[in-house]
Each structure stands twice: as structure tokens, then as C-alpha cells.
Amino acid sequence: TRRSSDLRNHQRLWVGGLLVILLTIAAHARGLQGQFLEWDDYSHITQNPVIRSLSPTNLWRMFTEPAAKLYVPLTWVSLAIDYQMWGHIPFGYHLTNLLLHVANTMLVLLLAFRLLQGRFQYAQPTAILTAAIFGVHPLRVESVAWVTERKDLLFAFFYLLATIVYLRWVVRGSRRDYWGCFLLFVCSALAKSTAVTLPLVLILLDVFWKRRVAMWEKIPFFAVSLIIGAATFVAQASGKGETVVGTEVVPLWARLGLVGYCTLFHVRKFFWPLHLSAVYPSFEDFGWTPLHAVVYLLAFVILLAVAFALRRRAPVVLPSWLFYLITLSPTIGLVPVGVHVVADRFTYVPLIGLALPLSVGVVAMANNWRQARPILVATITTLLIALSILSAKRSAIWTNTETLFQNALAEDPGCYPALVNLAVYYTGTKQLDEAIAYGTRAVEVAPNGLVGRRSLADALLQAKRYREAIQVLRPAVEH
């Protein structure tokens, strides 16, 4: 009967989901041994007075006062809950990150299945493969293994839930689903401002999934996006931390090129996830001319045109590509923040837009070429295991500050943030010879860099080499 057939199909889906969960845990379990990093973890957690308790005063401060140029109150609440349970023990924070990532992986499975059900014959295996890629891909590691990136995991959890509930609202028309979606969106935006892209994703679903136009429904969503955007702007303008880069550092013509560069960079790392780094070269390291920007912008336009041309032959490609671009848009290069033009964590949600069409193509190929199916299944299984192994190795690199930035230096020997952070780390561990060596290299790489000079001077002071410390700081004072 149809009912028993549906039951068997759902059983297969959840058995596949269980296998994905196990593979995801295996890929990221090494991160549970990680320490807090000398890279935002201290300012966000161990030295953050706001998360010390869940008192009304602290909760009020979380929701009304930005910290580290961030307005992420729900993330602070999440970290505060962990702090009550674990204090300064990093294991508990890493465990919460891993559990959130596993939950998000299951939400990706459910979302992919809902989107494809009744539209693609092989919705189940496609949803399972999409979730598996999302769960174990090495680009996930930065968000999972770095406690500070709790905001990525938490915002994505509510973001994905909101999208799933929206699909139910569109089908059933229940006001409870609509307001449930809206509430989940608010939670997502309060976890990380990147969630402001959700209204555009909902419009994308209207156009491509349900063939409907209902802009009025999105007015409350856009209102929240504007409010959160304003709060983020205020946060960026105050306190310590990374800030929006001005046009004197990244000109307007370069930002148009960065749209293409960022888009292509993350696609390349999706298909070839090797030589990953916590700190990729900044725009100042590119040595761009306007011609470089034109080439990357042209590549961006060509890719968009190809996706549009395939809208009938491969209908999943265009909406998936637009989802990728929309969700990547806050970090696509138009408004650069700090030194990071690109980063693995920027792909946490956008990667779904790459994994879904790839999975559709692979599953369709396996079912169209029956004779080659065993080979394809074996190849995909091998690739997923390989991705899991790469993620496990990447998680080991994120274990502590030393291994993380030594890896960044292995990828880029002139990486200024890595040199500075290693100088600070070795000073803190009283390995002063190493601290002075890395601080010296930081000053050589960026003679006008105040942070590098300060880190070197601090190491020299600890080593009681006072005269040298004064000489190091003098150019910074004069400058």
C-alpha cells in the first residue's frame, strides 16, 4: 500500500540520517579536545564579564550593549548557559558547538528533502548526500572547532528551522507557521546579523518553489533586517574589535572585483578543500589593478549567466546558485570587515547552495547509468570518508593557538596576524625567545603595524630587555 511505502521511504531517510550523524561526529570529534584560542575566545568567553551569570542585569547588557563590535545577544546567552555549566573548561563549549552542528546537518537533510519531495524522483538519497557533504566538509571545521564561532552555528540553527517552517506555512497557510517562522528569524538575527538575508531567501522560495508572489508577508521580516542592520552598524562604530574597512584601504572599483573573487574562492575551496587557513591573504596582499577587478567581476557575471541558461535543463542550478550568492552576500566583499576578505566560516550556510545541485547531479547520474551505479556509489562513499578525514585533521590544527597559527604560517610565511598571535601566545607561555623571534618577523613584515610592534615590545619587556623594547616602540610613537 501507499502508506507502507511512505513508511519505508521515511525509514530509509532516517537510517541515512543516522549514518550522516555518525560520520559528522567522527569528522569533528577531534575538536572536543581543543583549547580556548588566543583569538577572540578570551574576549568572548573567559574574560567576558557579561556571560558570568544569567542575572537580569547581565541579560539586559547582552541585549542593549554590543561587545567586540558585535550585536549577538542570543549568542552571549548561549555562551552564558555554557559558562554556568562548564566555567573555564573548553570541552563543554566544544561539545555544544558539535551538537549544534549535528542538529544543523539534520535540518539540512530535512530542508533538502522538503524542497525536492514530489519534484525530484530521488529526493531521499539526494537529501542524505547533501546533508553528508554539509556535515563533513572541511570548510565546516572553523565554525565548529572555534568556540567564538558559536554565532555561526546558532544563527544557522534558527535560520534553517525558519526556512523549513516557512515551507510548511506556504503549503498549509496556518498563521501559526507564519509567526513561528518570524520568531525563528528574529532568534537567528539575534544570534548573528548575517541572518538578515533570510527575507530574500524566502522570496527565492516563493519564486522557484511555489511560484507565488507575496511581498506583503515579508514586510515584518525586512523591518527586523533593518533594525538588526542598524544595531550592527552602531556596534561596528563603537568599542574594540574589527571594523568596516574604508574606501582608502579597499577602493570601490576593487569591491566590485571582490564580489567575483569571494564567490569563486569559496567555490574552489568547496571542490578542492586543501591548503585551508585561519587567515587568508588580505586585500593589501593582492597587488590588484583595476584589470584584476574587471576580470573577476566578468567571471561572476558569466557564472550567473550560465546558471540562468541552465534554468530549464537543470532547474535546480539557478535557485541554488542564487541561494549561495544571497547567503554569502554579507561577506562577499562589498563591505569588507577587518583583514578577512574570505574565510572558511563565511560558507557555513552558503555551502548548501553548492552541495544540493551537486547531489542532485550525482544521484541522477547514478540512476540514469545503472551499470555505473556501483562505481559511483563507491566513489561517493570514498570521497565522503576522505572529506571526514580531512576535517578530522583540520580539527586537530584548531586544537590550540600554536598549531592554528603555525599552520597559517605554513600556508603563508608572511601572514602578519599569525606572526602577531604567535608572539602573544609565546609571551603568555613564557617562551620568550620564540615570542621575540615571531614579534621581530611581524615588525619586518609590517614595519608600520602597531600591533606587531606592541607584541614584540611586550616580549622584550618580559625578557627584561628594556632598551630594545623602547627602540621597537619609538617608531610607532613618532609615526
Q) Please walk me through it: do Y426 and Q462 pass side-chain hydrogen bond (donor to acceptor under 3.5 Å, both in side chains)? A) CA-CA 11 Å; Y426 286 127; Q462 294 280 337; over 6 Å; no

When you look at S174 and D177, which way does the side-chain contact (heavy atoms from CB on, under 4.5 Å) test go after all the steps?
CA-CA 5 Å; S174 167; D177 290 334; 3.7 Å; yes

Hey, does the side chain of [X] reach the backbone of [Y] with a donor-acceptor pair shorter than 3.5 angstrom?
X	Y	answer
H28	V144	no
S55	N58	yes
Q84	A80	yes
S391	L387	yes
T429	Y425	yes
S395	R30	no
K269	H275	yes
Y324	T263	yes
N421	P417	yes
S329	I326	yes

Nearest-0.5 Å distance, [atom1] of residue [X] to [atom2] of residue [Y]:
X	Y	atom1	atom2	answer
L79	M62	CG	CE	8.5 Å
F158	C181	CZ	SG	13.0 Å
L325	L304	CG	CG	6.5 Å
I397	E142	CD1	CD	12.0 Å
I389	L384	CD1	CG	11.0 Å
L274	R394	CG	CZ	11.0 Å

Testing the basics here: between [X] and [Y], what is the closest heavy-atom pair and its distance to 0.1 Å?
X	Y	answer
T75	A191	OG1-O, 2.7 Å
F155	A195	CD1-CB, 3.8 Å
A423	T427	O-OG1, 2.7 Å
G17	L109	CA-CD1, 3.8 Å
V341	L258	CG1-CD2, 3.7 Å
S143	N97	O-ND2, 3.8 Å

Looking at side-chain heavy atoms only, is the closest gap between [X] and [Y] below 4.5 Å?
X	Y	value
R474	I470	yes
L390	H137	no
K192	Y159	no
I228	L190	yes
P357	S359	no
I133	F270	yes
K218	I203	yes
D41	T46	no

Check: Passes side-chain hydrogen bond (donor to acceptor under 3.5 Å, both in side chains), Y348 versus N104? Steps please.
Finding: CA-CA 10 Å; Y348 193 75; N104 290 341; 3.1 Å; yes

Fill in: Sub-6.0 Å ring centroid separation between F221 and F182
yes

* Output field: ring centroids F271/H266 closer than 6.0 Å -> no

Exercise for the section: Could you go through the side-chain hydrogen bond (donor to acceptor under 3.5 Å, both in side chains) check for R453 and N448 one step at a time? Expected result: CA-CA 8 Å; R453 287 188 174 276; N448 294 327; over 6 Å; no

> Considering residues, nucleotides and ligands other than R52, do more than 12 of their heavy atoms fall under 6.0 Å from its CZ?
Replying inline: yes

Quiz item: Hey, are N400 and T403 close enough side-chain-wise for a donor-acceptor pair under 3.5 Å?
Solution: yes

In terms of ring plane angle, is the pair Y296 and W288 parallel, tilted or perpendicular, where the classes change at 30° and 60°? parallel

- Under 30°, 30 to 60°, or over 60°: which ring-plane class applies to W39 and W146, parallel, tilted or perpendicular? parallel

**Request:** Dump the intermediate steps for side-chain contact (heavy atoms from CB on, under 4.5 Å) on V77 and F63, then the final yes or no.
**Result:** CA-CA 9 Å; V77 171; F63 282 87; 4.0 Å; yes

I'd like to check the side chain to side chain contact (heavy atoms under 4.5 Å, CB included) partners of [X]; sequence neighbours left out, ordered by chain and number.
X	value
V451	Y416, V420, R454
L303	L264, W321
V102	I21, T24, I25, L98

Kindly indicate, with the supporting measurements, whether the criterion side-chain contact (heavy atoms from CB on, under 4.5 Å) is fulfilled by L456 and L473.
CA-CA 9 Å; L456 174 56; L473 288 175; over 6 Å; no

Handout entry: NZ/NE/NH1/NH2 to OD/OE distance under 4.0 Å, R345 and D152
Key = no

_Between D344 and R140, does any side-chain N to carboxylate O distance fall below 4.0 Å?_
no

Between H44 and the options V50, I51, L70, V147, the side-chain contact (heavy atoms from CB on, under 4.5 Å) test singles out L70

Only residue of F265, F286, F346 satisfying ring-ring contact (aromatic ring centres under 6.0 Å, His included) with Y280 is F265

From the list Y93, F36, Y83, Y42, ring-ring contact (aromatic ring centres under 6.0 Å, His included) with H88 holds only for Y83

- [ ] Give the C-alpha distance, both sets of side-chain angles, the deciding distance and a yes or no for side-chain hydrogen bond (donor to acceptor under 3.5 Å, both in side chains) between S78 and R150.
- [x] CA-CA 8 Å; S78 167; R150 171 70 56 81; 2.7 Å; yes

Apply side-chain contact (heavy atoms from CB on, under 4.5 Å) to T130 and F113, showing your working. CA-CA 9 Å; T130 303; F113 182 68; over 6 Å; no

